[in-house]
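In each ligand, atom 1 is the first atom listed, and ligand 1 is the first ligand listed.
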Amino acid sequence: MRTAKISALGTYVPPGILTNEQLSKMVETNDTWIQERTGIRERHIADASIATSDMAIAAAKVALEKRGIAASEVGVIILCSVTPDTMFPSTACIVQHALGATGAWGFDLVAACSGFLYGLTVGANLVASGAHRYVLVLGADTMSRIIDYTDRSTCILFGDGGGAFLLEPSEDAASEGGYIGHLNEIDGAGAPFLNMPAGGSRLPASAETVAKRQHYVKQEGQQVFKYAVKKMADLSEALLAKHGVSAADVKLLIPHQANRRIITATAERLGMPLERVMINLDKYGNTTAATIPLATNDAIMEGRLKKGDLVLFAAVGAGYTAGASLWRWAF
Ligand code: UT7
């Protein structure tokens, strides 16, 4: 049955690095606390010249070059981000123009840390339906632009980066590799626990919103933590059951990278040993829509993901948004 496969990927992280040691000079924290509670050692931070589109463009160029196709062959660009260059136009338009993707349409997709998985779901179905041949799914976030570096409970968590998956048709997931299925879910009851209060139509930018630091990420960490562990495990289990496979069949779980403890608790619930779980947040922190492509890229570089492997992606983010997506790796 026709489906979509991931045929190339690309990533980009800005060169600047912010270490735990440096953060401990900015707020009252320390390397031991951060490593024990989150697993993060350092994160990449974009300098003032780099915006989200720049990272998305760089990652997309790598993916196109690896696949050896021209940008003009791309049919759709799905740009997943909570930190677009501007509220409008869509950052997807900026990326389309810079790439020279003259045949493409596209849009921005806002689903926070589940954004990339939602982009994959949409992209896979646009390809599987026969509507488009090449779809670029991009996840990029410049979280450092919306992080309050006086708030120790959030500033230690996030970093900047971008990633790209190129999707194209596959005749059959079992033999050629490709998309098998997904389970996505949103629950707006979680909205108060992770958000950026101002800058939208509810609370437009004003001198007061700036003075109250309302253009920064606000989070009730423990609420999000509990929800993340439960949902990533529940959706993963339900998705595997739906497709008649067990956790033992999954070669690699690639979860959203928010907190090492969330990942290990999820893996434990699924009964998956850590050898089959991708963790690279020590190097990047939580890059929101970019964690899954960054983790997938590292998995390939480390030889942990090969053609034919069953791979399970899972994520939870602000909203709440949550999702799990099952693929057979195609290259
Ligand atoms: O992608 C989805 C987005 N976000 C997430 O998935 C994040 C989910 N949440 C988390 O990862 C964790 O809840 C955090 C890492 C944010 C916090 O870890 P925690 O184990 O839940 O800590 P806590 O909030 O319960 O705080 C414990 C203590 C508090 O002090 P008291 O009240 O016990 O005296 C905090 O004030 O740790 C304190 N604390 C810190 N201490 C040193 C909070 N942040 C820091 C810090 N350094 N950076």
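The one candidate from L136, T91, I77 that meets the side chain to side chain contact (heavy atoms under 4.5 Å, CB included) condition with Q96 is I77. When each of I78, V110, I186 is tested with Y118 by the rule side chain to side chain contact (heavy atoms under 4.5 Å, CB included), just one qualifies, namely I186.
With atom 48 (N) of ligand 1 as the reference point, the heavy atom nearest to it among R37, R152, R260 is part of R152. In the candidate list Q219, H256, Q222, E28, Q219 is nearest to atom 4 (N) of ligand 1, counting heavy atoms.
Polar contact with ligand 1: present for G221 (N/O pair, distance under 3.5 Å). At least one N or O atom of N259 sits closer than 3.5 Å to an N or O atom of ligand 1.
Only the side chain of I262 comes within contact range of ligand 1, with a heavy atom under 4.0 Å; no backbone atom does. The proximity of T154 to ligand 1, defined as any non-hydrogen pair under 4.0 Å, does not occur for either the backbone or the side chain. If you look at V316 next to ligand 1, the close heavy atoms, those under 4.0 Å, all belong to the backbone. Residue contacts with ligand 1 for T29 involve both N, CA, C or O and side-chain atoms from C-beta outward (heavy atoms, distance under 4.0 Å). The side chain of A258, and not its backbone, has at least one atom closer than 4.0 Å to an atom of ligand 1 (non-hydrogen atoms only; side chain from C-beta on). When non-hydrogen atoms are compared, ligand 1 lies under 4.0 Å from the side chain of W33 (C-beta onward) but not from its backbone.
For atom 34 (O) of ligand 1, no protein heavy-atom neighbour is found at a distance under 4.0 Å. For atom 41 (N) of ligand 1, a protein heavy-atom neighbour is found at a distance under 4.0 Å. Atom 46 (C) of ligand 1 is approached by the protein to below 4.0 angstrom, counting heavy atoms only.
Atom NE2 of H243 has more than 12 neighbouring heavy atoms from other residues, nucleotides or ligands inside a 6.0 Å radius. For E21, the CD atom is loosely surrounded, since the number of other residues' heavy atoms within 6.0 Å does not exceed 12.
Classified by interplanar angle (parallel below 30°, tilted 30° to 60°, perpendicular above 60°), the ring pair Y284/H44 is tilted. Relative orientation of the W105 and H132 rings is tilted, given thresholds of 30° and 60° on the angle between their planes.
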